[in-house]
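Working notes for the structure below.
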Amino acid sequence: MSLTIALYLIAGFILLVIGAEVLVRGAARLAAGFGISPLIVGLTVVAFGTSAPEMAVSTQSAFNAQGDIAIGNVVGSNLFNVLLILGLCAVIAPLVVSKRLVIVDVPLMILASLLAWFLGFDGQYDRLDGAILFGCIVAYTGYLVVSSIRAKQRGEAVEVDDEYLDGSSGKFTTLKHLAFIIVGLVMLVGGSTLLVNGSVSLAKALGMSELVIGLTIVAVGTSLPELATSLIAAIKGERDMAVGNIVGSNLFNLLAVLGLAGLVSPIPINISPAAIAFDYPVMIVVAAACLPIFYTGWKISRWEGLLFLGYYAAYTCYLIFNAQGNPAAHSLLEITLWYLAPLTLAILLFTSVRAWRLQA
C-alpha cells in the first residue's frame with residue numbers, strides 16, 4: 001500500500017469522524033433551540049449524526065457508480081455494529097436492554113434487513129427501491145415523533161445528553177449552529193470522497209474486490225462514531241444507550257443510507273451476487289440472533305459479548321481468506337455452519353426458553 005493511499009484513508013477517516021461530531025452538535029442544538037422535543041433530538045438528529053459517515057460514503061459511491069462499496073459499507077457497518085461494538089461493550093460491562101428494543105426496534109431491524117435483501121434479489125437497487133427504503137425511514141421517524149409526543153404527555157420524555165443542549169438563544173446563536181451544520185456536511189463530503197478514492201485504490205493494489213474493502217476497511221472507518229458513542233456510554237454506565245445507539249444506527253443504515261443512495265444514483269446500483277448469497281443472509285441472521293440474546297434477562301452478558309466478537313473474527317477471516325483464494329476459507333465456513341452455528345442456536349434456544357419460564 002502506497003503512502004498516498006494510506007494518507008487518503010487516514011485523512012478520510014479523520015474528516016468523517018470530526019465532521020459527524022460537528023454536524024450532530026450543530027443540528028441537535030439548533031433543534032433544541034426551536035423547541036423540538038429532546039427525545040426526538042436524541043433519536044433522530046443524534047442517530048443521524050453517528051450514521052452520517054455511512055450515508056456520505058454510500059451516497060458518494062453510488063453517485064460514482066461504485067455499488068460494491070456502497071452496499072458493502074452498509075452491510076459491513078451493520079455487522080460491525082452488532083458483533084464487534086456490542087460484543088466489546090458487553091465484555092466491558094453487561095449491557096442493559098430495554099423491553100421496547102426487543103418488542104419494537106429489533107423486530108423492525110430484522111424486517112428492514114429482510115426488505116433490503118428482498119429488494120436486491122434482482123441484482124440492483126433502482127430509484128423505486130430507494131424510494132421504498134427511504135419512505136420506511138420517514139414512516140419510522142413519524143412513529144418516533146408520535147411516540148415522543150405521547151410519552152411527553154405522560155411525563156416520560158427522555159432528556160438528551162447535556163453536551164447536545166445549548167441554553168443560549170438569539171439570531172447569532174442560530175447562525176452559529178447553522179455554521180456547525182454546514183461545516184460538518186462539508187467535512188463529511190470531503191472525508192467520504194477521500195475514503196472512497198483511497199478504498200478503490202487499495203482494492204486494486206491488493207487485488208481484492210471493492211465489496212470486500214467496503215465490508216471491512218470502509219465499514220470499520222464509517223462505524224467509528226458508533227464505536228466511540230457506545231463505548232463511552234458503556235463505560236459511563238449508560239448501558240441501555242449503548243444498545244439503543246446500535247439498533248437505531250442499523251435501522252438508519254438500511255433504510256435511509258441505502259434508500260438515499262438508490263435515489264441519487266444516476267444509474268441503478270448493482271449488487272454483487274456474492275453479497276446477496278452470503279453477506280445479506282449473514283446480516284439477517286445476526287439481526288435475528290439479537291432477539292433471543294436481548295431477551296434473556298433483558299441484557300447482553302459478557303459470554304454473549306465474547307460470542308459476538310468470536311463470530312465477527314470468523315466472518316472477517318473468511319472474507320480475507322476467500323479474497324485471497326485460500327482454501328482455509330472453505331474449511332472455516334464449514335466449521336461455522338455445521339458445528340458452531342448449530343451449537344450456538346441450541347444454547348440460545350435453551351436460554352430463551354428458560355428466560356420465558358422464569359418470566360411466566
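These numbers were taken from a predicted model, which means no experiment stands behind them. Count residues from 1 along the sequence.
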Above 12 or not: heavy atoms from other molecules or residues under 6.0 Å from OH of Tyr339? no

Nearest heavy atoms of Pro268 and Gln124, plus distance in Å: CB-OE1, 3.5 Å

Are side-chain N/O atoms of Ser61 and Glu210 paired as donor and acceptor at under 3.5 Å? no

Is it true that Thr336 and Tyr318 share a donor-acceptor pair across their side chains at a distance under 3.5 Å? no

Does atom CZ of Phe63 have more than 12 heavy-atom neighbours, drawn from other residues, nucleotides or ligands, at distances under 6.0 Å? no

Backbone N or O of Gln66 within a donor-acceptor pair of the Asn64 side chain at under 3.5 Å? no

So which heavy atom on Ile300 is nearest to which on Phe308, and how close? CG2-CE1, 4.5 Å

Does any N or O in the side chain of Ser201 come within less than 3.5 Å of the main-chain N or O of Ile5, such that one atom is a donor and the other an acceptor? no

Parallel, tilted or perpendicular: which one describes the rings of Tyr312 and Tyr315, with boundaries at 30° and 60°? tilted

If I compare all heavy atoms of Ala256 with all of Phe134, which pair ends up nearest, and what's the gap? O-CD1, 3.8 Å

For Ser58 and Asn73, test the side chains for any donor-to-acceptor distance below 3.5 angstrom and give the result as yes or no. yes

Could you tell me whether Tyr8 atom OH has more than 12 heavy atoms of other residues or ligands within 6.0 Å of it? no

